[in-house]
Amino acid sequence: MDLLLDAGNTRLKWGLHDGAGWRGQGAVALGALDELAGVLEAAGPIRRVLGANVAGAEVAARLAGLLAGRALTPLWIAPTASAFGVHNRYVDPARLGADRWAALVGARALHGAAALVVTSGTATTADVLDGEGVFQGGVILPGLDLMRSSLARDTAQLPFADGRFEPLPRRTADAIVSGCLHAQLGAIERMFRLVESEAGALCLLNGGAAASLAPLLEVPLRRVDNLVLEGLACMLPEL
């Protein structure tokens, strides 16, 4: 069994892969990484640990400590100019986030045509992957909850809104939630225009806010759970 790790801004997503498919997936908060010990105990023998880390050196060190007791050392991926069927056109390919790189690799493996690869977590990323497997570039914006919390933090009288989407909101809470959703949807739909003329183009959507965004997006859409982990699984045969 191989352990795959996606260390994001607020959570650690994990997956156990036996070479043919997933044996389990889950997530723990970065503030509760010790919960991973229970996952490891239940998993049985683990051969390798491969991960994408955008959470920083402190989280990497804590994970290394947790895994050391099982004589495991995590290998953290780094983006390159070209690998796994994806060509990276970032000005400095190594500066692309490891999670975005893994998501692009996963997208290419799951969908062989053009795609807008969207991860909607603490931040929302929308990356253009053309039909030839070339990552042309992408955008990063605050995620849905971050938008809502910034309004509560930086304005005098607007709360952290627990509203709902309405086409024409008539309550402040609904106005905030609807406005934040429109911002997310508008960015994704504008970015999708860059690939929509290509045959078979899809928006591949994953992340914690995917359930809120998917019913409202007006583009061809496929939801994929844990796209970063899917990309990491594609990298295992090359280790």
Side-chain angles (χ1 to χ4, degrees), residues 1-8 11-28 33 35-55 59-60 63-64 66-80 82-88 96-121 125 127 129 131-135 200-208 210-211 214 220-239:
M1 201 96 68
D2 294 308
L3 175 64
L4 304 176
L5 302 174
D6 172 15
R11 296 190 303 162
L12 173 77
K13 281 76 75 180
W14 59 266
L16 292 166
H17 201 280
D18 65 4
W22 296 105
R23 299 293 297 274
Q25 292 184 351
V28 299
L33 286 181
E35 294 178 12
L36 188 63
V39 174
L40 296 174
E41 294 224 352
I46 294 174
R47 294 183 302 165
R48 301 169 294 185
V49 182
L50 181 66
N53 178 22
V54 298
V59 168
L63 288 168
L66 279 171
L67 294 164
R70 294 178 66 111
L72 293 168
T73 301
L75 174 63
W76 300 109
I77 66 163
T80 62
S82 184
F84 311 107
V86 178
H87 302 281
N88 181 355
L96 179 66
D99 54 345
R100 292 169 71 192
W101 175 242
L104 288 162
V105 170
R108 187 62 180 168
L110 292 172
H111 180 67
L116 182 70
V117 183
V118 177
T119 299
S120 54
T125 58
D127 291 326
L129 185 65
E132 301 301 316
V134 179
F135 165 53
L202 276 181
C203 174
L204 299 180
L205 175 67
N206 79 124
L221 178 69
R222 176 181 172 186
R223 282 187 61 185
V224 182
D225 291 332
N226 295 321
L227 193 51
V228 172
L229 296 181
E230 295 288 348
L232 291 171
C234 294
M235 300 178 188
L236 286 171
E238 300 297 321
L239 293 184

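Computation of the quantities below employed the complete heavy-atom set of this structure, encompassing side-chain atoms and omitting hydrogens, waters and symmetry-equivalent molecules. It should be emphasised that the depicted structure is a prediction, and the values quoted were computed from it without experimental measurement.
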On a heavy-atom basis, the closest approach of Ala27 and Lys13 is CB-CG, 4.0 Å
One should read off an interatomic distance between Arg23 CZ and Leu16 CG, to the nearest 0.5 angstrom, of 8.5 Å
Side chain to side chain, Thr80 and Asn88, heavy atoms closer than 4.5 Å | no
Quiz item: Quick one: are Val28 and Arg11 in side-chain contact, heavy atoms under 4.5 Å?
Solution: no
Could you check whether any side-chain N or O of Ser120 sits under 3.5 Å from a backbone N or O of Ala210, counting only pairs where one atom can act as donor and the other as acceptor? yes
### Query
Quick one: are Glu230 and Trp22 in side-chain contact, heavy atoms under 4.5 Å?
yes
- Query: Any side-chain heavy-atom pair from Leu4 and Leu236 closer than 4.5 angstrom?
  - Reply: yes
Original post:
Is there a side-chain contact between Leu50 and Leu5 (heavy atoms, below 4.5 Å)?
Top reply: no
Q.
Is a donor from one side chain sitting under 3.5 angstrom from an acceptor on the other, for Trp14 and Glu35?
A. no
Asp99 and Val228 have their tightest heavy-atom pair at O-CG2, 3.4 Å
Closest heavy-atom pair, Ala98 versus Val54, reported as atoms and distance to 0.1 Å, is N-CG1, 4.1 Å
Run the numbers on Leu12 and Val59 for side chain to side chain contact (heavy atoms under 4.5 Å, CB included), then give the verdict.
-> CA-CA 10 Å; Leu12 173 77; Val59 168; 5.8 Å; no
- Task: Using a 4.5 Å cut-off on heavy atoms from C-beta on, say whether the side chain of Leu66 contacts that of Leu33.
- Result: yes
Between the CG atom in Asn53 and the CG atom in Leu63, the distance rounded to the nearest 0.5 Å is 7.5 Å
Do Leu232 and Ile77 make a side-chain contact, defined as non-hydrogen atoms from C-beta onward lying under 4.5 Å apart? yes
Here the gap from Glu132 atom CD to Arg108 atom CZ, rounded to the nearest 0.5 Å, amounts to 7.0 Å
Of all heavy-atom pairs linking Arg223 and Ala214, the shortest is CD-CB, 3.7 Å
Using modelled atom types only, decide if a donor and an acceptor are shared between the side chain of Asn206 and the backbone of Val118 within a distance under 3.5 Å.
yes
Side chain to side chain contact (heavy atoms under 4.5 Å, CB included) test vs Val117 passes for just one of Val105, Val224, Leu227, Leu205, namely Leu227
Tell me if a side-chain donor or acceptor on His111 pairs with a main-chain N or O of Gly200 at a distance below 3.5 Å. yes
Are the side chain of Arg100 and the backbone N or O of Asp127 linked by a donor-acceptor pair below 3.5 Å?
no
Non-hydrogen side-chain atoms of Leu239 and Leu75 separated by less than 4.5 Å: yes
Interatomic distance, CG@Leu204 vs CG@Leu129, rounded to 0.5 Å, equals 8.5 Å
In terms of heavy-atom contacts, Met235 and Ala102 come closest through CE-CA, 4.0 Å
task = Answer yes or no: is there a donor N or O on one side and an acceptor on the other, between the side chain of Asn226 and the main chain of Leu229, under 3.5 Å?
result = no
Scanning both residues in full, the closest heavy-atom pair of His87 with Ser82 reads ND1-OG, 2.7 Å
CZ (Arg48) and CG (Asp2) are apart, to the nearest 0.5 Å, by 4.0 Å
dist Leu3:CG -> Leu40:CG (nearest 0.5 Å) comes out at 6.0 Å
